[in-house]
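Data block below; observations after.
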Amino acid sequence: MRTDVIDRDRLRRWRGLAADFLFPPRCAVCAADGALLCDDCRAAFTPAVLPRCPRCWDPSDDPAASVCDRCRREPPSLRSLRAAFVFEGAARRAVLAVKYQSLTATAAPMLDVADLSGLATDLDLVTAVPMPGGRRRRRGHNQAAVFGRLLADRVGRPFDERALRRRRRTPQQVRQPNRAARLANVRGAFAADPARVHDRAVLVVDDVTTSGATLNACAEVLLSAGAASVDGWAVSRED
């Protein structure tokens with residue numbers, strides 16, 4: 001190996017050690033010193049456990065049912081939807097730290113404690129819900145893409161942020177009063193690149209899902225662009 005490469009690697013390590021010494025990591029949730037996400041806060045995450053509908057991930061009272069009544073009446077474009085945590089308490093604060101405080105390094109320890117066992121095994125490609133350009137420039141990152149890249153690495157699949165793009169800016173979903181308003185808000189908001197997704201099983205990642213409207217809108221355009229199937233995954237779900 002060239003000596004200049006070794007020197008650069010050594011310099012990066014020393015910089016990292018110096019940064020940890022001068023600015024020791026703090027938990028993004030409780031601000032305790034020592035880790036980006038402390039053990040107590042990780043343990044406080046509420047898993048989005050079964051029984052849930054496998055198509056929309058709504059809580060279910062019938063563990064024997066294959067899908068919920070709504071998905072039976074109106075099948076979504078998503079083949080499946082999963083979320084790791086309920087969007088409350090420590091998990092909510094951690095997601096918001098990644099989203100609004102630019103504490104993107106917190107995403108990795110969050111995925112360390114996320115149950116990924118329910119993900120589809122035939123995936124070809126991982127992408128993320130795209131953000132409006134202005135909002136991304138203000139934040140400096142797309143939190144869905146931060147989680148998406150990490151998840152793609154965990155499942156050993158390529159990540160392609162350009163598989164989806166925003167066609168228009170939309171008001172934030174959290175501001176919409178109900179499911180019908182969320183569906184209307186994102187209708188026609190996305191476009192997919194056929195050259196990147198044709199005949200591929202695609203996983204779309206988001207940070208928070210409630211009704212699944214955003215992920216389902218992404219699935220619609222991906223299928224129209226020729227994707228073989230589309231699954232959704234979110235870090236958290238607002239039950």
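Please read all numbers here as calculations on a predicted model, not as lab measurements.
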Specify the closest pair of heavy atoms between [X] and [Y], including all atoms of both residues, with the distance to one decimal.
X	Y	result
A108	L150	N-CD1, 3.6 Å
C53	C71	SG-SG, 3.9 Å
V98	T104	CG1-CA, 4.2 Å
A83	S236	CB-C, 4.0 Å
P194	A192	CD-O, 3.3 Å
L78	R55	O-NE, 3.0 Å

Residues two or more places apart in sequence or in another chain: which of them pass salt bridge (Lys or Arg N to Asp or Glu O under 4.0 Å) with [X]?
X	result
D206	none
R196	D160, D193
R149	E161

Hydrophobic cluster membership, [X] vs [Y], 4.5 Å side-chain cutoff:
X	Y	value
V29	V113	yes
Y100	M131	no
W233	V49	no
L103	F147	no

Could you pull out all residues at least two apart from F85 that satisfy ring pair (Phe, Tyr, Trp, His ring centres under 6.0 Å)?
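With neighbours one apart ignored, the set is F45.
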
Ring pair (Phe, Tyr, Trp, His ring centres under 6.0 Å) partners of F87, counting only residues at least two apart
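Testing F87 for ring pair (Phe, Tyr, Trp, His ring centres under 6.0 Å), a comparison that skips the adjacent residues, returns none.
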
Residue pair V204, L164: steps toward the side-chain contact (heavy atoms from CB on, under 4.5 Å) verdict
CA-CA 9 Å; V204 186; L164 281 168; 4.1 Å; yes

Do [X] and [Y] touch side chain to side chain, with heavy atoms closer than 4.5 Å?
X	Y	value
V202	T127	yes
K99	R139	yes
H141	S102	yes
P59	P51	no

Determine which pairs satisfy ring pair (Phe, Tyr, Trp, His ring centres under 6.0 Å) with at least one residue from residues 47-68, sequence neighbours left out, and list them in order.
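As it turns out, there is no ring pair (Phe, Tyr, Trp, His ring centres under 6.0 Å) pair with a partner in residues 47-68 once direct neighbours are skipped.
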
To the closest 0.5 Å, what do you measure between [atom1] ([X]) and [atom2] ([Y])?
X	Y	atom1	atom2	value
C30	D40	SG	CG	7.0 Å
C68	D61	SG	CG	11.5 Å
C56	L215	SG	CG	12.0 Å
M110	D207	CE	CG	9.0 Å
L81	D231	CG	CG	9.0 Å
L111	L37	CG	CG	11.0 Å

Sequence neighbours left out, what passes side-chain hydrogen bond (donor to acceptor under 3.5 Å, both in side chains) with [X]? Give chain and number order.
X	value
R72	D69
D115	S117
S60	none

The test is side-chain contact (heavy atoms from CB on, under 4.5 Å); show your working for V221 and R167 and say whether it passes.
CA-CA 11 Å; V221 298; R167 295 182 61 192; over 6 Å; no

Could you tabulate the donor-acceptor pairs under 3.5 Å formed by side-chain atoms of residues 118-125, not counting sequence neighbours?
{"from": "D122", "atom 1": "OD1", "to": "R79", "atom 2": "NH2", "distance (Å)": "2.8"}
{"from": "D122", "atom 1": "OD2", "to": "R79", "atom 2": "NH1", "distance (Å)": "3.0"}
{"from": "D124", "atom 1": "OD2", "to": "A201", "atom 2": "N", "distance (Å)": "2.8"}

Partners passing side-chain contact (heavy atoms from CB on, under 4.5 Å) against T46 (at least two apart in sequence or in another chain):
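Listed in chain order: V86, E88.
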
How would you list, by chain and number, every residue that makes a side-chain contact (heavy atoms from CB on, under 4.5 Å) with P54, sequence neighbours excluded?
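P54 satisfies side-chain contact (heavy atoms from CB on, under 4.5 Å) with V67, R82 only.
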
I would like to know whether R200 and V230 meet side-chain contact (heavy atoms from CB on, under 4.5 Å); could you show each step before the answer?
CA-CA 9 Å; R200 308 190 82 181; V230 184; over 6 Å; no

Using modelled atom types and a 3.5 Å cut-off, is there a donor and acceptor pairing between side-chain atoms of R166 and backbone atoms of P130?
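Yes, because the side chain of R166 sits within donor-acceptor range (under 3.5 Å) of the backbone of P130.
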
Pair D239, T210 - check side-chain contact (heavy atoms from CB on, under 4.5 Å), show working.
CA-CA 7 Å; D239 281 345; T210 303; over 6 Å; no

